[in-house]
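The model shown is predicted, which means the values in this text are computed figures rather than measured ones. Only heavy atoms go into these numbers, but all of them, side chains included; no hydrogens, no water, no symmetry mates. Chain letters run A, B, ... following the sequence lines, proteins first and then strands; every chain starts at 1.
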Amino acid sequence: MSAILLIAVPLLAAFISILVKKVSPYLLLLVSLFALVYPFFMDMSDVIIGGFDSPIGINLVVNKFALTSLIAVNGLFFLVVAVNIAQYKKLSSILLVALAGLNGLLLTGDLFNLFVFIEISGIAAYLITTTNKKPLQTFNYLVAGTVGSSLYLLGLIILYNMSGTLNMADMATFVEGNGMYTLFPFLLMFIGLGVEAKLLPFNSWVKGILGHSNNLSGAMIASVYATAIALVFGKLLAGVFQIEGTLALIIALVLGITILAGEAMAYASTKAREILLYSSIAQAGIVILLFTVGLGAWATFFAIANGVSKFILFGVVNRLTEEVGSDEMDQLKGSFVNNKLIGVSFTVAALSILGLPLFFGFVVKMNSLIGFFEPDFVSNLPGGNFIFPIIILVASVIEGVYFVKLLTKLWYKDSDVKVNFTPLFKYVVVVLAVALIVFGLFQGEVEELVASLINPGGVFIWN
Amino acid sequence: MLQFAAIILLMLGLYGLLTQRNVIKIIISLNILEIGLNLFIISVGYFEGGLAPIFTSETPANPNFVDPLPQALVLTAIVIGVGTTALGLALARKIYQKYGTLNLDEMGEN
Amino acid sequence: MIEILMNIGFGLGVATFGFVLQTAMGGINRKIAARLQKRRGPKWYQEFIDIFKLLSKRATSHGWIFDFGVIMALGGIIGTAMFMPITSSIVAFEGYDNFFIFVYLIAVGMLGMAMSASGSGNPLASIGVMRALTTMLAYEVPFMVVVMTIIKLTGTSSLTGIAVAQQTGDFNWFMIALPLGFIVAVMSLMGMLGKKPFETYIAPAEIASGPMVEYGGKQLGMLFIMHEITIFIEVSLFVHLFLGGAETIIMFLIKYFIVYAVLNLVSNVLGRFKIDQVVTFFFKWPLFFAVVQAMIAIHLGWVI
Amino acid sequence: MELSIEIFILATLAFGLMAYVIGRLHKQLGSIMTILGSLTIFGGIAYLGFTGGLTGETAYLTFTQFEISEFGLFFAIIVSFVFAMVSFFNPFFIKQYKYPALYSMLFMFSLAGAIGVFFSSNLLYLFFFFEFVVWTSLFLIPMGRSKKAASWYYGFSAAGSFMLLFAILMIYNANNGSFHISGIGSVTGTTQIIVFIFMSGAAFTKLGAFPLHIWLPKVLTNAPDPVSAVFSGGLEKLGAFVALLAIVNMGGIGFIIPSIDMYFGQMIIATLGALTIVFGTLMAIRQDDAKKLLAYSSMSNGGYILVGFSMLTSQGVAGGLYHIVAHAIASTAAFLAIAAVARVAGTTKMKELGGIIHKMPVTYMVYLIAIISMAGIPPMGGFISKWMIFQAVIDKGMIFIAIATVFGSIGSFLYVFRPLAALFLGQELPQFKKTVKEAPFFMLLPMIILSLLSVYTGVLPGVIIDFINKIFVDMQLNYNIVMNGFAIEGYTSGIEGVGPSLLNPLLIACVFGVGVFVAFLIFIVLKKSKKIDLMDTYTAGNFVYTEEHLHYSVDFYAPLERLYEKYIHIMKNFYKSLANKVREFGAFMKYFFFTNKPEITVFWIVALMVFLLWGDVL
Amino acid sequence: MKNFLALLAALGLGVLIILSLQNNTLFNEYGEDVTGRDSEEYGDREYGEENPASGPANIVTSIVADFRSFDTLGEITVLFVSSLGVALLLGGTKQKRLDLGFHPNFMLRIGSKALFGIILMTGVYVTIHGHLTPGGGFPGGAMIASSMLLLYLADDTFRAKIKGFKILESVAGSLYVLIGIAGLFFADYFLENFLNNGVVGDLLSAGIIPLIYVLIGLKVGSEISGVIDNFLTEEVV
């Protein structure tokens, strides 16, 4: 069974769902379950669409990397939908389109097709964030997103003019030799995707969107979209992009500032959601950094671990804010006292982001850092091999301080606010927390899983 | 020549985004940007003396057509532009409903 | 086992000799001080009389800690005295008379006395103890620096070793070899003995004789014995370190008398510091000179 | 009988989980589980350690390797002993905690982590356990008084452990891809210096030494009482362990300073250690809260350990190791005594306490023996380690370090005496007459054991000195402490005819005993003295009726404090301003980048493009 | 002052881009010969050829609907989502026409009805001949929608039956995807042209492509009309 069904079926369901409004939520649940289960059965061959092979037609790249990212993104998508569908019935067809867009994003092998799918998932994202009842913030997000994708398209067209092809693999071979001509288009594409991937100078929309997020939009943008965009951007950075000269300097600056400023901003904010959104900006910066530097395999699992943790964190904080009314840390204090299960999973997620032992975050962060110190590792970014690990470590210290402050406020202050979580949400959150612990304990198996993403030469297989 | 015009249009769009405070004007400058971009895409495929890529009874034996691919791409880009503009305008109307003004500065900080 | 008992007996002998010697010296110096002030002064054995009179009196006690402190204080000081070598040959425990033992065992005595003073319930005693400890902090540091220079030069920290080093001509007396060190040591010794300029913590005029305020009868007597033996330890320590110890007992007695008399004369003419002045004083010049002396002696090797 | 150390770690974790499960049902039972757990672990490690029954192979935790080294065993025994002793206090304090079951679990988990650190031979998994201890002990702190202490603690120990991680990764890079612990020794050139700096940084944070000590007093004061005992007695020894690896195992760093023939790196560590001693002592003298005072005292004792290690002579390193033992026992006993008082009197502020001795004499004796050892006074263990460290410092001829060590030891008389006088002795305050009663037997038992041990290590150092010699052999260091009979030989002097300076602690104890016996005889022989009430004191003139006025415990060393009052908050303000700078930077970035106006994003896009093209075109 | 600076920056950037594209040797100048590109293969057939690889005479349509029809599928999803979004944002249960204060006189209302038919016809023509002449689904759909707009503008009380558009839109979209899936099952590639391509240039040539373009035309027409309706109405409150 070819991988194209992952995109075709949600689209078909979306078109049908606007007719039969009543049944569309169940359709959404069914299709997203299908999207989660199908990757395990589909055959692993590249899919050609419309009968014409790559230079002329469009092909879908299906390999271990695509498979892992599909399972992760569809898994998180299914969980977000399962937990929030009761509250947001109206959005089911938009969510179906978003599912199609995300799967298309992860699978497509053609750069222009990638632009189309970025637009699809982008517009679906704008519509999901309209549920925050903040039209101005969504407007900003729309403007930023459109500018970003237009610049991406401009860069793509310039590259097409030079290389004559739109396919990723052919483009990579074309760019191999003459990297110094393609600096400007790659910068444009970097900015285009950077807007969606929340890198610092381009992410002024993030505060508006995630700062006022609700149960659905918070979890969707912060965990599902963030993971998908990071993985796709990573695939491009690892495979297609040729980063050298001033482009490397700019990318290094952007990533360095994103990580450090992200943590500093989180440290400076007192609202719970703001802390989480700035920390996710910093995490996005780290993931993109790992992809750029060539440690793609562990970067994938870093993005997935971060996605899972952010799902729990945003889900819990949004639910608390909904009940308590404001997400100011002092109002939320003591809310774990009378729901311990949620509190424990929240703590597990937070500690996993910090990279503390016994959790998946530790395995991922350690191996990524070890990647920097491999004897034969050469970083294509300026500043030698050791400047970025130092940045990551300093960032984790700052991150640790504000997360501990948040945790102690939530656990150890006593308050009378009684927040009840739906049993489904509790079940999902606990399952994810246990997953984080299990993945953290069985490090051997995780390493085997990662090894499958790297070819014997240690280079990350992206197509 | 057409390419320079396209790039200048692109830059005007950026200028509009940099300076305009009115929501509608921002959407318009977005459109200018997209038009500039589409023009640029078209200009990539054109070459002197190229024929329109359609087979008619009068097309010569082995015709040197203009590169048809950018024209197909621009078709998609234009429709995407329409999609985002429609959404932008709908948001503009919601913003007007909520804040009573379309000027970004008067909306206050929230 | 017998040999250890023999040594312990010999140590006790040294302790009693110390007590008797110092009490006598105290009396004699009282007479000298009186002569200075044109009066005859009490008999030379006056101090003996005071102590034994006190021991015979019936006293009051403020609870078990009050008594236990006094016992521990006197016991500690007697223990320290047992280690003290009289001359480089007459010493209770051959080779074990380490300098640090003296500094720290005196601290046990001090701690015992402080404990019982605070235990007595009288706030004036606690203030006295606080002042005693602060002054100790003040004079101890420069003294230790100088002694460390000596230990570094002679290579051993045992008193007999240092005395032998000075006698056998490797070094001449540290009084001459380390002039600055000697001056600092004199000042610290006056602090240790609680002589005039630094005697704020036990001066009768200050706060009803400081820590000893609640004592009477046998407890006060025992503390006087402890006080005498402490002075004996400190002065003989000074003699061994700076005046080259002594081959014969007579030499030891003469040196001992000279040091004690000179100190007494000097202290009789001086006023009295306030407590924080003591600390600032000791941490200003004496410490500076001690460090300079140490630098010169150790790093540059200029030893006269 | 052969048992792998991995079994012990898993057993401790299992005990932790059992304690949690039982703790949920019944608080007290849960905490009693911690006692059983830590006792079995300590017993097991100690017995098997000495009979050589411990092995390192791993059946379950396959990702890590363990190796039974002597110094690992040394630390493991001390830390598990401290945990065992402190666990006796858990049942009595469990009622005060918000999450009692969680407390018992995390208590056992941090023990498991600590043992893991000491025995793991793979550096990465040494870091794994190191971090594991950090976050398990992190959640113990907020159960006490303040919540802010936890974030300070995490901030500093995260900085420390990430410095350690960076060093480990540098070693990994230098020994092309091996994490084995012996890799520390085989690093050379600039990487060696970087690794040395970062590892001693980690040691400094964990030990609470000078530049990075701000968290220690905050945490030890605000953590629940048993936890501060565990911190100062046990978890601080992690820092000592890393210091041992960094300073001693790596050998001399940098060039040798001829006049005092010390390596430059070690010289810096010694100076910082000396500063820790001086700063710790000065701050301890002026504290009014007994726990904060003991916190600063454990900070200054940490400084002694650093000074000892950085001498790189047999006397110095042995003194450091011995000091670890003596300090662990003494400070745990002191903290437990204060905990016993705090449990009954409710506060550890010396202003509000007085005359506890009359109702808690045994606790008083325990506290007395503990502070005698901490101050380094002869019959107790502290004296021997300080004597060895002095020997090493003088042998090297380092004057300023000597001044600091002397100031530290004399200063320790002052600050250890302050709680003694203000807390235990003096007038018995009326409000404590009824409430205060002697601690129950199960609290006294560990305290008495600790005091006996303190005395034992002070009188018969033989066993510990042999253990230290075995460590030197195991770490291939050519150091050795010579023991003839019961005396420890100091360093031998250059001048012939003069033997090495000997220290016979047994003899000193006997002589001290004889002295006290003689004094006792004198006391008994003379007339019995009449017992009078504490209030009946010699006060010139006016008579005072209330106990408070006759109890002097408020700002005890006022004249001394006035001298340095102005400078005490330098370091704390430095870190506060550092934290504020980060916050301001964050706020600025937030204000600048996250406005509601889209032109910021467009502006930066244009700027970046101009920046790139500028280089390309011109 | 800020505007001037922004203008300076934008134009400066424009000049920089032009200069850099110029001295970038790989970037083919405007109007330079581009015959060497892969896109030659899109047009390797001649007028009147029997059953060529790709049917339509208009090569752009062959790219849009045959070679890269996956893009077009994505394309109509974008339109579908944005019209859905607009409906979500502005649409309510009961809508009534916005009173814009412009009341057309009788002549305009009737006249526009006549013109409506003609515009609609051209739109349909353009859609159907998509594979032969320039145009096709998207421009055709837009024309159909413009005819609807004419009615809205000309008559301020006119409201089209939105329900019908919804059904048309959904049916057209699902048919398009079903054709694709049919291609997958019958001829082992998604969206493959499984019908005979016929003679290049005939009306009934190029297999499923005209069918796809008609579906797209209907879908685009109905979606844009839906958007127009949402904009010109407001919720009955």
Residue selection (most heavy-atom pairs with chain E, distance under 4.5 Å) from B:Ile7, B:Ile8, B:Leu12, B:Val79: B:Val79
Audit row: E:Val64, E:Tyr213, side-chain contact (heavy atoms from CB on, under 4.5 Å) steps and yes/no: CA-CA 10 Å; E:Val64 163; E:Tyr213 246 173; 3.5 Å; yes
Salt bridge E:Glu235-E:Lys94, side-chain N to carboxylate O under 4.0 Å: no
Pairs of heavy atoms under 4.5 Å with chain E: top-ranked of B:Ile78, B:Thr84, B:Ile80, B:Ile54: B:Ile54
Proximity breakdown for E:Leu89 and chain B, heavy-atom pairs closer than 4.5 Å: both
Trace of the side-chain contact (heavy atoms from CB on, under 4.5 Å) decision for E:Leu232 with E:Leu100: CA-CA 9 Å; E:Leu232 287 175; E:Leu100 297 176; 4.3 Å; yes
Contacts with chain B made by residues 122-137 of chain E (heavy-atom distance under 4.5 Å), listed by residue number: E:Leu132, E:Thr133, E:Pro134
pair E:Thr72-E:Phe138: side-chain heavy atoms closer than 4.5 Å: yes
Heavy-atom side-chain proximity of E:Leu195 to E:Leu211 below 4.5 angstrom: no
Full working for side-chain contact (heavy atoms from CB on, under 4.5 Å) between B:Ile28 and B:Gln20: CA-CA 10 Å; B:Ile28 292 166; B:Gln20 288 319 318; over 6 Å; no
Proximal component of B:Leu69, with respect to chain E [non-hydrogen, under 4.5 Å]: both
Which atoms of E:Val86 approach chain B - backbone, side chain, both or neither, heavy atom under 4.5 Å: both
Side chain B:Tyr15, main chain B:Ser29, donor-acceptor under 3.5 Å: no
Contacting region of B:Leu73 [heavy-atom separation from chain E under 4.5 Å]: side chain
Residue E:Phe4 excluded, over 12 heavy atoms near CZ under 6.0 Å: no
Residue selection (most heavy-atom pairs with chain E, distance under 4.5 Å) from B:Arg93, B:Lys94, B:Gln71: B:Arg93
Top of B:Thr76, B:Leu91, B:Leu14 for chain E proximity - count of heavy-atom pairs under 4.5 angstrom: B:Thr76
E:Gln22, part contacting chain B, at a heavy-atom distance under 4.5 Å: side chain
Rounded distance (nearest 0.5 Å) linking atom CG of E:Asp229 with atom CZ of E:Arg159: 4.5 Å
Side-chain donor-acceptor contact under 3.5 Å, E:Thr233 with E:Gln95: yes
Part of E:Leu7 within contact of chain B (heavy atom distance under 4.5 Å): both
E:Tyr152 backbone acceptor or donor facing E:Arg97 side chain under 3.5 Å: yes
